[in-house]
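Values reported hereafter were calculated over all heavy atoms of this structure, with side chains retained and with hydrogens, waters and symmetry mates removed. Lettering of chains follows the sequences in order, A, B, ..., and the numbering in each one begins at 1.
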Amino acid sequence: MLKLKNIKASVEDKDILKGLNLEIKPGEIHAIMGPNGAGKSTLSSVIAGKEKFSVDAGEIEFEGEVINDLAPEERAHKGIFMSFQHPIEIPGVTTTNFVKAAVNAKRVAEGKEELTPGEMLRLIKEKSALLELDRKFLSRSLNEGFSGGEKKRNEIFQMAMLEPKLAILDETDSGLDIDALRIVANGVNMLRSPERSAIVITHYQRLLDYIVPDFVHVLYDGRIVKTGGKELALELEEKGYDWIKEEIDNK
Amino acid sequence: MAKNEEDKLINDVTNKEYEHGFVTDIESDTFPKGLDENVIRGISAKKEEPEWMLEWRLDAFKVWQTMEEPDWAHVKYKKPNFQDISYYSAPKQKPELESLDEVDPELLDTFKRLGISLDEQKRMSGVAVAVDVVMDSVSVKTTFQDTLAKKGIIFMSISDAIKEHPEMVKKYLGTVVPVKDNFYSALNSAVFTDGSFCYIPKGVNCPMELSTYFRINEEGTGQFERTLLIADEGARVSYLEGCTAPQRDENQLHAAVVELIAMDEADIKYSTVQNWYPGDKNGLGGVFNFVTKRAVAEKNAKISWTQVETGSAVTWKYPSTILKGDGAVGEFYSIAVTNNYQQADTGTKMIHLGNNTKSTIISKGISAGHSENSYRGLVSISPNAKNARNFSQCDSLLMGNTCGAHTFPYIEARNPTSHIEHEATTSKISEDQIFYCNQRGIDTEKAVALIVNGFGKEVLNKLPMEFAVEAQKLLEISLEGSVG
């Protein structure tokens, strides 16, 4: 589904990704872990197409198509979704209106009719129930005054509405208490299917108890330096990253 | 994006620049350019006005000649040559129309393109809108007059009102905006050619939205309309006003005067969607919109001004309320959008004279391109106004680095029991907001529209339903191409 081939990326002339390779097949969940500053958030921004990040070399291939030159909204239309580490506030725009605009923009891009208000309402009801969001929450301004947990639940709600092929969860667990974590993880798990994939970026193995990954990668200094199964996450939790850093730096 | 798709988009966007920029090809009767006493006599004669009206105009003309064009606003423009304007232009048509079928089909087509189909509205039941349409200088057709008459409501062109209800016009005209109030009000008083007149009798709740559409069509003409609206004791009315003009390289002058009178316990809601031609991308052409709007609110009366200002090259406009009676309430809700080289200096005056009077000001300015957008407002509490309250909120949203947003709030509190609050914010649409929308599949143009609509929500929510949708679209169109 997604192939990253030798990606080199920089922001404001600072090299962050230094030849990153990653392949994700349909149905797989990949966890990306690593110390601060390793390039985890850059990786998600590069896949989503944030302009500030310049891809200096390598190819991003999504479903067989190189998407390096596609605008972020075109990538979204193809089924790439990113749950933001810090969701953005848009004053005066309700969550309902925002997700309506998003769902309809995607449908139009796919050559489908926009949903009628009735259909939209039904879909919103169904998906918000999954995430235990109440109606009042949906009529509040997007992310404005939301608690950390509410923001993340809202991200996963939008994901559920858009049903992406590839979901990138960028530190979705940060700022979540244990109940919110379970709700968010449930939301993600409900979307699991043989066709859908996810990249879970996290510092803590805790989230991976709920969203069980097929692979765990360690990102360090702009490259993936170690890959393993879910047991690697446990090992990292126990031993930290220093042993990996030493391994790499001594090479 | 595929190349041909891109071309189509670019084409769509550039063509959508100003969608009301068409000229209606109908025969019109237009005065030669220039202004003197004879022109004023000519206008008065065309209108078959009574002698007192002519005298009033001539007096106003004398006053105007002694006045100078104001230059305190934060706008720069080449002052119009008042001798280079034609002061009267009327579509040629049969004088008396029995039904809409007799209206020039070209004219009807114009209204259809403006999104107001008169015949459709005539057929509409339930929520209806009565429309008075002013094309260039004359009122073309007032719909629903009969329905309204059954309730004792008078809604007609001001020219008709001068003839049919002279006592009322004589009593109220110029009482809220005196002739000598300012340069443009004096000019308007001398040369106004049409506009709407409305009277709602005691205790009557007007059963439908009343609406006036103004359009400048002829080249080289100015539009000077005059609106007079009187809500008698306990009456309620909601009034809408819309404006468009064709695209022209020259600057056209629009100098209107609107006077509202809300007697004891009356309630007037006055909404404007102003979409005069703003000029092209380089600031060529566009309408000069120099308008005086003022209301007087008697005891426990309420005046609510709502405006969505997206058009005009230069706007100079301060819909104001004199809170004369005890317990009177004044509200001003405004969204002003400027793009390219547009300049707007707009706001309100809340003059508190009565005890326990209350005013609310919510102003949202959006600037893009090389435009300048200023809020200018006065809150004045007279020594006799006990326990007056005001809340003002002025928010500015900037797009890009070449536009300007300015706030000039003036507060004159002469009574120690008054309570005045003022809040102001300035924000920019952030790249992160745009990216967030983009990531959800919403393209940048739509993202800007969404963010701007969210920014202006408190004001848009005050508009009557059917106008709110139009206003949202207008905001979107006005800001097209403003984000690179």
task: Determine the minimum heavy-atom distance between Ile90(A) and Gln433(B), stating which atoms define it.
output: CA-NE2, 4.1 Å

statement: One should read off an interatomic distance between Asn97(A) CG and Leu450(B) CG, to the nearest 0.5 angstrom, of 7.0 Å

task: Indicate the atoms forming the closest heavy-atom contact of Arg440(B) with Ala102(A), along with that distance.
output: O-CB, 3.4 Å

message: Looking at Arg192(A), I'd like to know if its CZ atom is crowded, meaning that more than 12 non-hydrogen atoms belonging to other residues, nucleotides or ligands lie closer than 6.0 Å.
response: yes

query: Looking only at heavy atoms, which of residues 132-167 of chain A get nearer than 4.5 Å to chain B?
result: Leu142(A), Asn143(A), Glu155(A), Gln158(A), Leu162(A)

- prompt: Which one of Glu458(B), Glu431(B), Gln439(B) has the most heavy-atom pairs closer than 4.5 Å to chain A?
  reply: Gln439(B)

message: Just verifying a value: how many Å separate Ile442(B) CD1 and Asn104(A) CG, rounded to the nearest 0.5 Å?
response: 10.0 Å

message: More than 12 heavy atoms of other residues, nucleotides or ligands under 6.0 Å from NZ of Lys457(B): yes or no?
response: yes

message: Tell me whether Lys358(B) at atom NZ has more than 12 heavy atoms from other residues, nucleotides or ligands lying less than 6.0 Å away.
response: no

- prompt: Should we say atom NE2 of His74(B) is surrounded by more than 12 heavy atoms from elsewhere, each under 6.0 Å from it?
  reply: yes

- prompt: Which atom names give the shortest non-hydrogen contact between Ala76(A) and Asn438(B), and what distance separates them?
  reply: CB-O, 3.9 Å

- prompt: Thinking salt bridges, do Asp432(B) and Lys50(A) make one under a 4.0 Å N-O criterion?
  reply: yes

For Ala105(A) against Gly441(B), the heavy-atom pair lying closest together: CB-O, 3.2 Å

- request: Considering only heavy atoms and a distance below 4.5 Å, find which of Glu51(A), Met82(A), Lys52(A), Lys78(A) pairs most often with chain B.
  value: Met82(A)

- request: Could you note down all residue pairs passing ring-ring contact (aromatic ring centres under 6.0 Å, His included) where residues 98-125 of chain A supplies at least one of them, sequence neighbours left out?
  value: Phe98(A)-Tyr436(B)

message: Between Ala109(A) and chain B, with a heavy-atom cut-off of 4.5 Å, which part of the residue counts as in contact: side chain, backbone, both or neither?
response: neither

- line: Tightest non-hydrogen contact, residues Glu73(A) and Thr444(B), listed as OE2-N, 4.4 Å

message: Tell me whether Glu65(A) at atom CD has more than 12 heavy atoms from other residues, nucleotides or ligands lying less than 6.0 Å away.
response: yes

